[in-house]
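All ligand and atom numbering here is 1-based and tracks the order in the structure.
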Amino acid sequence: MNAPLQSPENSAASPALTLLIAAPRGFCAGVDRAIEIVERALDRYGAPVYVRHEIVHNKFVVDGLKEKGAIFVEELDEVPDGAPVVFSAHGVPKAVPAEAERRGLDYLDATCPLVSKVHRQAERQIEADRHIIFIGHRGHPEVIGTMGQVPKGMMTLVETVNDVTALSFTLEEPLAFLTQTTLSVDDTAEIVQALQTKYPQIVGPKAEDICYATSNRQAAVKQIAPGSDLILVIGARNSSNSVRLVEVAEKCGTDARLIQRASDIDPAWLDGVGTLGLTAGASAPEQLIREVVDKIAEWRIVEEHTLVTAEEKMVFKLPRQLTD
Ligand code: SF4
């Protein structure tokens, strides 16, 4: 147990607050690697370095890299000839590196290796002449990137069990399924079950493609949720794994709010809250957790506990261009 935090303003009237901090939380190996790729590219090439899409879905991280000289764009046509460009951790359709090569751009791929693994599985299923059912969220950059690994029309996106019900493939058609890496473990299991019941011939990955970081963070929330009156999740609205953490808490029957940082917290949310859970999505830095703890300690006497449900030791190698 950590020492209670107290500041002059929080004494007397306000009751003490137990803060249950989930572990693991925050940065995963793929996010660490993506940020390091941009930082090393800035060291190696000098500013500006272009980054296609937010390198990870966190404004604090993106703003920090902008200050160091990164320029964020949505498409390669915004990158001047000859400038270095980094592709985000979410992955890109095959057409993007092809276009970069055609234009002679010096590009670095920060796609998380666990997303790249799904890309390779997609290629293998197409080589085996199977149509792929991809479980994911429409419009998310990872989904756009993975669907862009295979010829048009060879992958069908499903988001819900109802989408599976609406599929019209026959029992004779060779099918495979793959999943986005940052989905809800429980919702995905239901969708996979529906697919396997409807299409017994469907093949899938040995273990689902939901990544270790997503699974661990959801499992950690399940541990803190039953004892918490409210859970705060630090993460961006467009961060899939952060939004899933809010849903997981709510499914456990605990109110949860997604915040970008401490300034988003309305002190009224803490009225009647004796135990507050706290976690962060895979793209939110630890600094934001400390900022939230310090902010809450301005209002309440905080007794801080960390609940560790898994140890993470994953580290991914950097691209060779940055280590040679
Ligand atoms: Fe990779 Fe998972 Fe992190 Fe996404 S959340 S960057 S898939 S480790």
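Atom 3 (Fe) of ligand 1 has Cys28 SG as protein N, O or S atoms under 2.8 Å away.
For Glu250, there are no salt bridge (charged side-chain N to carboxylate O under 4.0 Å, His left out) partners, not counting sequence neighbours. For Arg44, there are no salt bridge (charged side-chain N to carboxylate O under 4.0 Å, His left out) partners, not counting sequence neighbours. Take Lys94 and apply the salt bridge (charged side-chain N to carboxylate O under 4.0 Å, His left out) test, not counting sequence neighbours, and it matches Glu123.
When side chains are defined from C-beta on, Gln125 does not count as touching Met155, because their heavy atoms never get closer than 4.5 Å.
The nearest pair of heavy atoms linking Ile224 to Ala22 is CD1-CB, 3.9 Å.
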* Using the side-chain hydrogen bond (donor to acceptor under 3.5 Å, both in side chains) rule, take Ser240 and Arg244 through it: C-alpha gap first, then chi angles, then the decisive distance, then the call. => CA-CA 6 Å; Ser240 173; Arg244 303 290 85 75; 3.1 Å; yes

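In summary, the atoms of ligand 1 found under 4.0 Å from a heavy atom of Tyr212, numbered by their order in the structure, are 8 (S).
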